[in-house]
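Following: one structure in structure tokens, then a few remarks.
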Amino acid sequence: MALISLDTEADLLVRVANGDEKAFEQLFYAYYDKLGAFVYQLTSSDILAEEVVQEAFIEVWLRRESLREISSFRGYIFILTKNRMLNALRKIANEKLRNEIWQGGLIQYESADAGDDPVDRYKAILEEAIQKLPPQQQKVFKMSKIEHLKQEEIARVLQLSPETVKKHMKLALKFLRNYFAEARIDLPLLVILLSRFLR
């Protein structure tokens, strides 16, 4: 990502808000690689990363007049991209679930109420996985994902260094990914579970 000074970026935002396509192109390429890497890191899909980033910038262009009111475009575009990515992963996961249901992959689904959410069936698996984490990792994970404490706050409460907290969180997420992989639940479903039940 090419670095843009705050003054230059502010000027670009005003120009884009006024419909300047050249300014939009400059803004797009300043963030494209970094956003693509962000999405790829979470999805391992070049195609999905490209689509998500493009959709995020389409929304920026369609809502360009509101850019004058944005104080941090970096924060704005990353949140926009993250939301687009989660929507895409939910769509993929829901399609996967529908296929599993169609193929008889979910036992006794036919007897469930029509309004049931199939993803709810995995809540117990998620809770079980969290309980299997080592005590310190479990504490860090719950404080981060359930209590929404920042890394520095967790470090202060547990009397650990921020780096140790970061390491525990990384190990916890790795364990959960492996646990879900063994349970044959892939990344999109993991993202959904974390976003639905740990917020």
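Because the structure is a prediction, the values reported are computed rather than measured.
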Counting C-beta onward and ignoring hydrogens, is there a side-chain heavy-atom pair between Val165 and Leu158 closer than 4.5 Å? no
One should read off an interatomic distance between Arg84 CZ and Leu89 CG, to the nearest 0.5 angstrom, of 13.5 Å
What are the two closest non-hydrogen atoms of Ser161 and Ala155, and how far apart are they? C-CB, 4.0 Å
Might you work through the side chain to side chain contact (heavy atoms under 4.5 Å, CB included) test for Phe57 and Leu80, ending with a clear yes or no? CA-CA 9 Å; Phe57 271 98; Leu80 198 60; over 6 Å; no
Distance, nearest 0.5 Å, that separates CG of Leu12 from CD of Glu25: 11.5 Å
Would Leu42 end up clustered with Ile79 when hydrophobic side chains under 4.5 Å apart are linked, directly or stepwise? no
Heavy-atom side-chain contact between Asp46 and Glu50 under 4.5 Å: no
Separation of Gln41 CD from Met85 CE (nearest 0.5 Å): 9.5 Å
Interatomic distance, CZ@Phe141 vs CE@Met169, rounded to 0.5 Å, equals 5.0 Å
With no hydrogens and no angle check, is any side-chain donor or acceptor of Glu65 less than 3.5 Å from a backbone partner on Ala17? no
pair Leu13-Leu27: side-chain heavy atoms closer than 4.5 Å: yes
For the pair Arg156 and Glu152, find out whether any cationic side-chain nitrogen is under 4.0 Å from an anionic carboxylate oxygen. no
Shortest non-hydrogen separation from Ala49 to Gly36 and the atoms involved: CB-O, 3.6 Å
Heavy-atom side-chain proximity of Ser144 to Leu149 below 4.5 angstrom: no
Please give me the minimum heavy-atom distance between Ala129 and Phe175, naming the atom from each residue. O-CE2, 3.4 Å
Indicate if Val16 and Ile58 have the same hydrophobic cluster label, given that clusters are the connected sets of ILVMFWY residues with side-chain heavy-atom separations under 4.5 angstrom. no
I'd like to know if the side chain of Asp20 reaches the main chain of Lys22, judged simply by a donor and an acceptor atom lying under 3.5 Å from each other, with no hydrogens or angles considered. yes
Quick check on the hydrophobic clustering: are Leu133 and Leu171 connected, directly or via other members, by side-chain heavy-atom contacts under 4.5 Å? no
Would you check if Leu67 and Ile70 make a side-chain contact, meaning some heavy-atom pair closer than 4.5 Å? yes
So, for Tyr31 and Phe73, is the gap between ring centers shorter than 6.0 Å? yes
Do Val14 and Phe24 belong to the same hydrophobic cluster, where Ile, Leu, Val, Met, Phe, Trp and Tyr are linked whenever their side-chain heavy atoms lie under 4.5 Å apart, directly or via other members? no
Nearest 0.5 Å please: distance from the CD atom of Gln137 over to the CG atom of Leu176. 9.0 Å
Check the pair Arg63, Glu59 against salt bridge (Lys or Arg N to Asp or Glu O under 4.0 Å), reporting the backbone distance first and the verdict last. CA-CA 6 Å; Arg63 298 166 54 184; Glu59 188 167 344; 2.4 Å; yes
Ile47 CD1: over 12 foreign heavy atoms closer than 6.0 Å: no
Looking at side-chain heavy atoms only, is the closest gap between Leu160 and Gln136 below 4.5 Å? yes
Which pair of heavy atoms, one from Trp61 and one from Gly19, lies closest together, and at what distance? CH2-O, 3.5 Å
Quick one: do Gln138 and Lys142 satisfy side-chain hydrogen bond (donor to acceptor under 3.5 Å, both in side chains)? Show the steps, please. CA-CA 6 Å; Gln138 189 177 136; Lys142 286 182 175 180; 3.2 Å; yes
Got a second to check how far Asn87's CG is from Glu55's CD, nearest 0.5 Å? 9.0 Å
Quick test of your reading: applying ring-ring contact (aromatic ring centres under 6.0 Å, His included), list the pairs with at least one residue in residues 34-56, sequence neighbours left out, ordered by first then second residue. Phe38-Phe78
